[in-house]
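One-based numbering, in listed order, for ligands and for the atoms of each. Values below: every heavy atom of this structure, side chains too, minus hydrogens, waters and symmetry copies. Bear in mind the structure is a predicted one, so any value in this text is a computation, not a measurement.
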Amino acid sequence: MNSSAALNAFKALLTPAQILSVPEDMAPFLCDWRKRYFGKALAVLLPSNTAEVAQIVRICAEFHISLVPQGGNTGLCGGATPDQSGSQVVLSLKRMNHIRALDLDNQTITVEAGCILQSIQDAAAEQGLLFPLSLGAEGSCCIGGNLATNAGGTNVLRYGNARDLCLGLEVVTANGEIWHGLRGLRKDNTGYDLRDLFIGSEGTLGIISAAVLKLYPMPVCQWTSLVATPSIPATIQLLNLFKQKATSLLTGFEMMTAESLALTEKQFPQMRNPLGENPPFTVLIELSDHESEAHARNLVEAILAEALELGIATNAVIANSIAQANTFWQMREHITLAQAQEGANLKHDITIPLSAFENFITATDQVLREKYPQVRIINFGHLGDGNLHYNVAAPTGVDSTIFNAANEALVHDIIYSMVEKFGGSISAEHGIGQLKMRDLRAHKGAIAHDLMQMIKTALDPHNILNPNKVLPAKVN
Ligand code: FAD
Ligand code: MLT
Ligand code: ZN
């Protein structure tokens, strides 16, 4: 039996604490954060170094066992959940959580894949430097998962997404070799960019075991404000006003609809909008300054005064302490938690060109409401990046599991066809995983999809790395 021979080989390689095979021990690794996907596994393996990862992959290759890499298991597309066969292994990188080096001159940090994002931010901050990747799951997601999904978050507007923050990678390939690409170079035009191939590949092309990341000077202060806006066009005008006047000081621009904040208040009554009754749109704006507190504060006040004068903002409050700024951010980040508590919902993580944003929302809401008049649309997102989280929840009083099972395909079709019509993307930052695999070919186009398939076949000819994620496994 391949599986028992493989298990024996894993046991010869790892300590008992590094192999979980009892169902209760494996359970947390076998379903996703949203509890939408449930799988089974032969074992969960917890290597502690890159050499062990390479050995595990070699064993898997020899015995034709497929493996599912996993970091913090906070992904929102089911990419880290094994299938139902019980024949796959979950490869958790959690134990590989060492910071290997912090280079002050080069402003880089070299970290293992299982480092929690927040611990990297903290290590950089101890040296007065900033690692700017920031997202609601930062206390539990791992950098390997962030890179594998090319995570976005709230600082993309200023610093880019995970891809933009990574200079080098160490990767274990599908045949168990180690690619030593841990270079801290900001320029390196030596042929094809392998690093960029692995970033965003969701564990289907290689296992990221370590990375070199860019660091930035830590700003001396941040000013966070909540601003009420009357409409989408006004919100976009506000964004462009801040871009023009605050230029690179603008580090966050998050949009929340009244419905999304009402849901947050319902689930977390302590989270109240300081703007009073929820306006149509509440925008969280963050400025980060390297000069002085007064400089940034004067700038924020001047821009907000102009916005109020122009009527593109109707009310605003500037946080007067770090603690208050944190409560603004918590309100924003609790939307996801509120949604999860309210019941399963149909999530769509999309980007739309800002010039088409309003027309997209109007047209999509209309088509959706014609079919489902009572459905709840819970929208929010990283407006500064044109990234909208367009979420559909069952009508109040309707069982969300039953509603979703019956309507998920049609709701996705309605929204994704509108995304196509308005020139957007069906995945802005969460990835494809299992959730969007069936929609990818139509969206990406046959040629691009075929090229992706060729890359997959070239790098993982026996399809042992996270099969049936991103791309459907080929039936021979
Ligand atoms: P996992 O969920 O463990 O894995 C995700 C994918 O990466 C899987 O396909 C897995 O196989 C693969 N993978 C993991 N580690 C490796 C590795 N070492 N090598 C190769 N492949 C690997 N995402 C955003 O982009 N922006 C947000 O603002 C954001 N906010 C969130 C807020 C909340 C509350 C939650 C729950 C999630 C949020 N996410 C967000 C989604 C999620 O946190 C990100 O996708 C994150 O990057 C996943 O990291 P992880 O370590 O949890 O990866
Ligand atoms: C966010 O922006 O909060 C995350 O992407 C999570 C989500 O979409 O719910
Ligand atoms: Zn997001």
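Interface of H382 with ligand 2, defined as ligand atoms under 4.0 Å from a residue heavy atom, comprises 2 (O). Contact atoms of ligand 2 toward K347: 7 (C), 8 (O), 9 (O) (distance under 4.0 Å to a heavy atom of the residue). In summary, the atoms of ligand 1 found under 4.0 Å from a heavy atom of G72, numbered by their order in the structure, are 3 (O), 50 (P), 51 (O), 52 (O). Within the listing of ligand 1, atoms 20 (C) sit less than 4.0 angstrom from a heavy atom of G206. Listed by number with element, the atoms of ligand 1 under 4.0 angstrom from any heavy atom of C141 are 49 (O), 50 (P), 51 (O), 52 (O). Below 4.0 Å from some heavy atom of H389 lie the following atoms of ligand 2, by number and element: 1 (C), 2 (O), 4 (C), 5 (O), 8 (O). Within the listing of ligand 1, atoms 28 (O) sit less than 4.0 angstrom from a heavy atom of H382. Set against the non-hydrogen atoms of A151, the atoms of ligand 1 under 4.0 Å away are 25 (O), 47 (O). Each of the following atoms of ligand 1 lies closer than 4.0 Å to a heavy atom of E202: 9 (O), 11 (O), 12 (C). In the vicinity of L93, heavy-atom distances shorter than 4.0 Å reach the ligand 1 atoms 18 (N). Applying the 4.0 Å criterion to heavy atoms of E429 picks out, from ligand 2, the atoms 2 (O), 5 (O).
Of all non-hydrogen atoms in G176 and A54, the two that sit nearest each other are O-CB, 3.4 Å. Residues L157 and T251 come closest through the heavy atom pair CD2-C, 4.1 Å. Among all heavy-atom pairs drawn from L67 and C60, the shortest one is CD2-SG, 3.2 Å.
Counting only heavy atoms of the protein, atom 1 (P) of ligand 1 lies nearest to N73 N, 3.6 Å. The single protein non-hydrogen atom nearest to atom 6 (C) of ligand 1 is T149 CG2, 3.6 Å, given as residue, atom name and distance. Taking atom 53 (O) of ligand 1 as the reference point, the nearest protein heavy-atom neighbour is G145 CA, 3.5 Å. Taking atom 34 (C) of ligand 1 as the reference point, the nearest protein heavy-atom neighbour is T336 CG2, 3.9 Å. The protein heavy-atom contact nearest to atom 46 (C) of ligand 1 is N146 ND2, 3.5 Å. Regarding atom 40 (C) of ligand 1, its nearest protein heavy-atom neighbour is L135 CD1, 3.7 Å. Nearest protein heavy-atom contact of atom 23 (N) of ligand 1 is H430 CD2, 3.6 Å. Distance from atom 33 (C) of ligand 1 to its nearest protein heavy atom, with residue and atom name: A137 CB, 3.8 Å.
Using a cut-off of 4.0 Å between Lys/Arg side-chain N and Asp/Glu carboxylate O, R332 and E286 are scored as not salt-bridged. Under 4.0 Å is where a charged nitrogen must lie from a carboxylate oxygen, and between R95 and E52 no such pair does. A salt bridge is defined here as a Lys NZ or Arg NE, NH1 or NH2 lying under 4.0 Å from an Asp or Glu carboxylate O, and E202 with K469 fails to meet this definition.
Close to ligand 2: L76, with a non-hydrogen atom less than 4.0 angstrom away. The closest approach between any non-hydrogen atom of Q70 and ligand 1 is below 4.0 Å.
At a heavy-atom cutoff of 4.0 Å, ligand 1 is contacted by both the backbone and the side chain of T74. When heavy-atom distances to ligand 2 are checked against a 4.0 Å cut-off, I335 has no atom that comes that close, whether in backbone or side chain.
Taking each of A148, G153, G431, S427 in turn, the one with a heavy atom nearest to atom 13 (N) of ligand 1 proves to be A148. Distances from atom 2 (O) of ligand 2 to the heavy atoms of H430, R332, Q339 show the closest one on R332. Considering each of L337, T154, T336, the one bringing a non-hydrogen atom nearest atom 7 (C) of ligand 2 is T336.
The shortest side-chain heavy-atom distance between K40 and S85 does not fall under the 4.5 Å cut-off. T257 is listed as a side-chain neighbour of F281, based on a closest heavy-atom distance under 4.5 Å. The shortest distance between side-chain heavy atoms of L133 and Y159 does not fall below 4.5 Å. Residues M331 and P274 have side chains in contact (heavy-atom distance under 4.5 Å, counting atoms from C-beta outward). Side-chain contact check for L471 versus M437: every heavy-atom pair is 4.5 Å or farther apart.
Using cut-offs of 30° and 60° on the angle between ring planes, the pair F360 and Y390 is perpendicular.
The shortest N or O to N or O distance between C142 and ligand 1 is below 3.5 Å. Between G79 and ligand 1, an N or O atom pair is found at a separation short of 3.5 Å. Considering both main-chain and side-chain atoms, P69 comes within under 3.5 Å of ligand 1 through a nitrogen or oxygen pair. Between I208 and ligand 1, at least one pair of N/O atoms sits closer than 3.5 Å. By the 3.5 Å distance cut-off applied to N or O atoms, E429 is counted among the residues near ligand 1. Of the N or O atoms in N466, one or more lie within a sub-3.5 Å distance of an N or O in ligand 1.
When atom types are taken as modelled, the side chain of N2 and the backbone of F63 share a donor-acceptor pair closer than 3.5 angstrom. Looking only at distances, no side-chain donor or acceptor of N345 sits under 3.5 Å from a matching main-chain atom of N391. The main-chain N or O of G78 is never found under 3.5 Å from a side-chain atom of D32 such that the two would form a donor-acceptor pair.
Among the atoms of H430, none of the N, O or S atoms falls under 2.8 Å from the Zn ion (ligand 3). For residue E429, an N/O/S atom approaches the Zn ion (ligand 3) to within less than 2.8 Å.
H389 contributes NE2 and H382 contributes NE2; the angle these two atoms make at the Zn ion (ligand 3) is 110°, rounded to 10°.
With hydrogens and angles left out, the side-chain atoms of Q222 and S288 include a donor and acceptor closer than 3.5 Å. Remark: the T154 side chain and the E254 side chain contain no N/O donor-acceptor pair separated by less than 3.5 Å.
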*List the steps, then state whether side-chain contact (heavy atoms from CB on, under 4.5 Å) holds for L284 with T224.*
CA-CA 7 Å; L284 189 160; T224 311; 3.7 Å; yes

*Full working for side-chain contact (heavy atoms from CB on, under 4.5 Å) between L239 and L354*: CA-CA 10 Å; L239 169 67; L354 282 172; 3.5 Å; yes

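Evaluated for a side chain to side chain donor-acceptor pair (under 3.5 Å) with H412, the options H348, K436, K347 yield exactly one hit, H348.
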